[in-house]
Amino acid sequence: MPETDGETTEAAGGRRIAVLGEMLELGDEAVEAHRQVGRMAAENGVDLIVAVGDTLAKQLALAAGAAGVPDIAMVADNGTAAAYLASILQPGDVVLVKASRGGQLWQIAQALTGQPVTGL
């Protein structure tokens with residue numbers, strides 16, 4: 001069972017995996033905001049980022065890799081992300097799934113937990 005120290009959840013022998021999609025409607029600040037998220041992932045000990053999307057997801061992934069996240073995967077869509085994760089997840093891994101509502105990343109969590117995948 002994961003242990004909580006008040007700020008983060010430690011994976012008991014597993015990896016910290018962040019599945020991060022694009023944050024929509026940020027305007028002129030979008031590129032830097034995505035880079036900042038990538039750097040924050042590195043600062044928080046994320047082992048693998050699965051970046052879902054296009055140009056902004058790529059910026060996030062590049063910044064995360066440059067800041068020290070050891071493994072990065074770029075995928076175009078939720079279905080590909082879910083299939084990739086299903087093929088690599090191990091017992092003890094902790095997965096965070098986060099993006100703008102428009103990215104519908106809940107579909108990835110639904111697929112991984114055997115729930116019906118829903119849209120908006």
Requested in this report: Is it possible for you to say whether V69 and V50 belong to one hydrophobic cluster, with membership spreading through side-chain heavy-atom contacts below 4.5 Å?
Outcome: no

Query raised in the report: Is it the case that more than 12 heavy atoms not belonging to M74 sit under 6.0 Å from its CE atom?
Result: yes

Query raised in the report: Would you call D93 and R15 a salt bridge, taking side-chain N to carboxylate O under 4.0 Å as the test?
Result: yes

Requested in this report: Find out if a path of hydrophobic residues (ILVMFWY) with successive side-chain heavy-atom gaps under 4.5 Å connects V52 to V95.
Outcome: yes

Query raised in the report: Would you say the side-chain atoms of D47 pair up with the backbone N or O of R16, donor to acceptor, closer than 3.5 Å?
Result: yes

Requested in this report: Heavy atoms only: give me the nearest I72-G65 pair and the separation to one decimal.
Outcome: CD1-N, 3.9 Å

Report summary line: When rounded to the nearest 0.5 Å, the distance separating CG of L60 from OG1 of T55 is 12.5 Å

Report summary line: Partner of L112 under side-chain contact (heavy atoms from CB on, under 4.5 Å), picked from L89, V97, V19, is L89

**Report entry** Side chain proximity check, V37 to K98, heavy atoms < 4.5 angstrom
**Finding:** no

Query raised in the report: Where do V75 and A81 come nearest, in terms of heavy atoms and distance?
Result: CG2-CB, 3.7 Å

Query - Least distance between heavy atoms, Q104 atom then N78 atom - result: O-ND2, 3.1 Å

Query raised in the report: Is the backbone of A57 close enough, under 3.5 Å, to the side chain of E22 for a donor and an acceptor to pair up by distance?
Result: yes

Query raised in the report: Which atom pair, heavy atoms only, marks the closest approach of G68 to A42?
Result: N-CB, 4.2 Å

Requested in this report: Find the distance between CD1 (I17) and CG (L96) and round it off to the nearest 0.5 Å.
Outcome: 10.5 Å

Query - Atom pair CG/CG of L26 and L24 - distance to nearest 0.5 Å - result: 7.5 Å

Query raised in the report: With the 4.5 Å side-chain cut-off for hydrophobic clustering, are L48 and I108 part of the same group?
Result: yes

Report summary line: Scanning both residues in full, the closest heavy-atom pair of Y84 with A73 reads CE2-CB, 3.8 Å

Query raised in the report: At what distance, to the nearest 0.5 angstrom, does OG1 of T80 lie from CG of L85?
Result: 11.0 Å

